[in-house]
Amino acid sequence: MKNQILIVLLGFVFFSCSKEDDNKEINYSLKGTFVVETSMSNDPTLLLFENNKVFFAYEANSIHETLASGGNLKNESGTFTLNETTNEIKFILFDKEWSGVYDSETGEILNGSIKYAQSQASYGYFAAKKQFQKNFGSELLKGHWKGFYGFENETPNYNYDFIIENGFVTVVALNSSILNADINSSYGLSISEPTIHNNTITFTYTYINGGTFSVQATYNDSTKKLEGTWGDGTNFSNGGKIILESQNID
């Protein structure tokens, strides 16, 4: 009889823990890429958040095309503040003050307004929502990936970032913060549409200051990381290893 009672109690405890895990509240970090819609355009574009800085993709609605047109992540990103009590977010981009309320449970920026920074006159409004990965393919691999690359068989330890958009990949190497990337960093842009099959992505890119390389990487569901290799030119593996974590998965 005692054994039966113990089994029932253990079952109750297990069920209670399972229900608590199922109902565990998720708070989405304000990092990675967010789809944003503004009153100034019918086309959705992207905001990139990282380490208290934010960058707006203004050219062809993509970060890739913004850099290709001569944009600069460091110079054209602004510092944002997030009030932990009110959840109000504020930042200045292109002499405009953006503000709204960040809902960490849904990953949305609500009640977004854009004003002229000097006069505070209304310029427009916006709404944004974090890009969430889905199960596989381009919907899984999109967004900001942060990690490292290495040479040959060494453990990756050189800073390496991907921004994967619809049909584009942007690479930033040699800076620990992508939005603080400076002249010592390397910007690489994919020169053809990446191939995404299930959880594997392959692409070739060229750095703006020269050098063409290729990458093949697969999302590891157990580690929640993108792991693979890179190489010179169109070779996907003669350079070394890469490993990156998504900034859009919490």
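Side chains included, hydrogens not; waters and symmetry mates left out as well; all remaining heavy atoms used.
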Steps toward side-chain contact (heavy atoms from CB on, under 4.5 Å) verdict (Tyr158, Phe151): CA-CA 9 Å; Tyr158 297 94; Phe151 293 94; 3.7 Å; yes

To check you understand the geometry: which heavy-atom pair defines the closest contact between [X] and [Y], and what is its length?
{"X": "Gly233", "Y": "Ser214", "result": "O-OG, 2.5 Å"}
{"X": "Ser176", "Y": "Asn159", "result": "N-ND2, 3.3 Å"}
{"X": "Asn248", "Y": "Gly143", "result": "OD1-CA, 3.6 Å"}
{"X": "Leu174", "Y": "Ser186", "result": "CD1-OG, 4.3 Å"}
{"X": "Thr45", "Y": "Ser62", "result": "OG1-N, 4.3 Å"}
{"X": "Glu37", "Y": "Pro44", "result": "CG-CB, 4.1 Å"}

Pairing of Glu245 and Lys225 as salt bridge, 4.0 angstrom limit: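 Lys225 and Glu245: salt-bridged.
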
Sub-6.0 Å ring centroid separation between Tyr207 and Tyr205: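 Yes.
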
Proximity of Phe126 and Phe56 rings by center, below 6.0 Å: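 Here the rings of Phe56 and Phe126 have centres that are no less than 6.0 Å from each other.
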
Candidate list Thr204, Thr234, Asp232, test side-chain contact (heavy atoms from CB on, under 4.5 Å), partner Thr212, passing option: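 Option passing the side-chain contact (heavy atoms from CB on, under 4.5 Å) with Thr212: Thr204.
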
Is there a continuous path of hydrophobic side-chain contacts, each under 4.5 Å between heavy atoms, that joins [X] to [Y]?
{"X": "Phe132", "Y": "Tyr102", "value": "yes"}
{"X": "Ile201", "Y": "Leu244", "value": "yes"}
{"X": "Tyr58", "Y": "Val54", "value": "yes"}
{"X": "Met40", "Y": "Val36", "value": "yes"}
{"X": "Phe168", "Y": "Ile164", "value": "no"}

Distance from [X] atom [atom1] to [Y] atom [atom2], nearest 0.5 Å?
{"X": "Ile249", "Y": "Leu140", "atom1": "CD1", "atom2": "CG", "value": "6.0 Å"}
{"X": "Lys129", "Y": "Asp103", "atom1": "NZ", "atom2": "CG", "value": "9.5 Å"}
{"X": "Lys53", "Y": "Ser177", "atom1": "NZ", "atom2": "OG", "value": "7.0 Å"}
{"X": "Asp161", "Y": "Lys146", "atom1": "CG", "atom2": "NZ", "value": "4.0 Å"}

Under 3.5 Å, is there a donor-acceptor pair between the side chain of [X] and the main chain of [Y]?
{"X": "Thr86", "Y": "Glu88", "value": "yes"}
{"X": "Thr229", "Y": "Phe236", "value": "yes"}
{"X": "Lys224", "Y": "Ser246", "value": "no"}
{"X": "Glu165", "Y": "His64", "value": "yes"}

Evaluation steps, ring pair (Phe, Tyr, Trp, His ring centres under 6.0 Å), between Phe203 and Phe162: CA-CA 11 Å; Phe203 63 92; Phe162 292 170; 5.4 Å; yes

More than 12 heavy atoms of other groups within 6.0 Å of Asn209 CG: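 Enclosed: over 12 neighbouring heavy atoms sit under 6.0 Å from CG of Asn209.
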
Asn75 atom CG, neighbour heavy-atom count above 12 within 6.0 Å: yes

Residue pair Val215, Val169: steps toward the side-chain contact (heavy atoms from CB on, under 4.5 Å) verdict: CA-CA 11 Å; Val215 166; Val169 179; over 6 Å; no

Tyr149 and Trp230 aromatic ring geometry - parallel, tilted or perpendicular at 30°/60° bounds: perpendicular

Can I get a per-line list of side-chain donor-acceptor pairs under 3.5 Å for residues 112-123, giving both atom names and the distance, sequence neighbours left out?
{"unit_1": "Ser113", "atom_1": "OG", "unit_2": "Ser99", "atom_2": "OG", "d": "3.1"}
{"unit_1": "Ser119", "atom_1": "OG", "unit_2": "Ala121", "atom_2": "N", "d": "3.2"}
{"unit_1": "Gln120", "atom_1": "NE2", "unit_2": "Ala117", "atom_2": "O", "d": "3.3"}

Step-by-step side-chain contact (heavy atoms from CB on, under 4.5 Å) determination, Phe49 to Leu82: CA-CA 12 Å; Phe49 289 92; Leu82 180 63; over 6 Å; no

From CA spacing to verdict: side-chain contact (heavy atoms from CB on, under 4.5 Å), Asp221, Asn199: CA-CA 9 Å; Asp221 190 57; Asn199 294 350; 5.6 Å; no

Cluster companions of Ile63 among Ile, Leu, Val, Met, Phe, Trp, Tyr (side-chain spacing under 4.5 Å):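 Its cluster mates, by chain and number, are Val35, Leu46, Leu48, Phe55, Leu67, Leu73, Ile163, Val172, Ile178, Leu179, Tyr187, Leu189, Ile208.
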
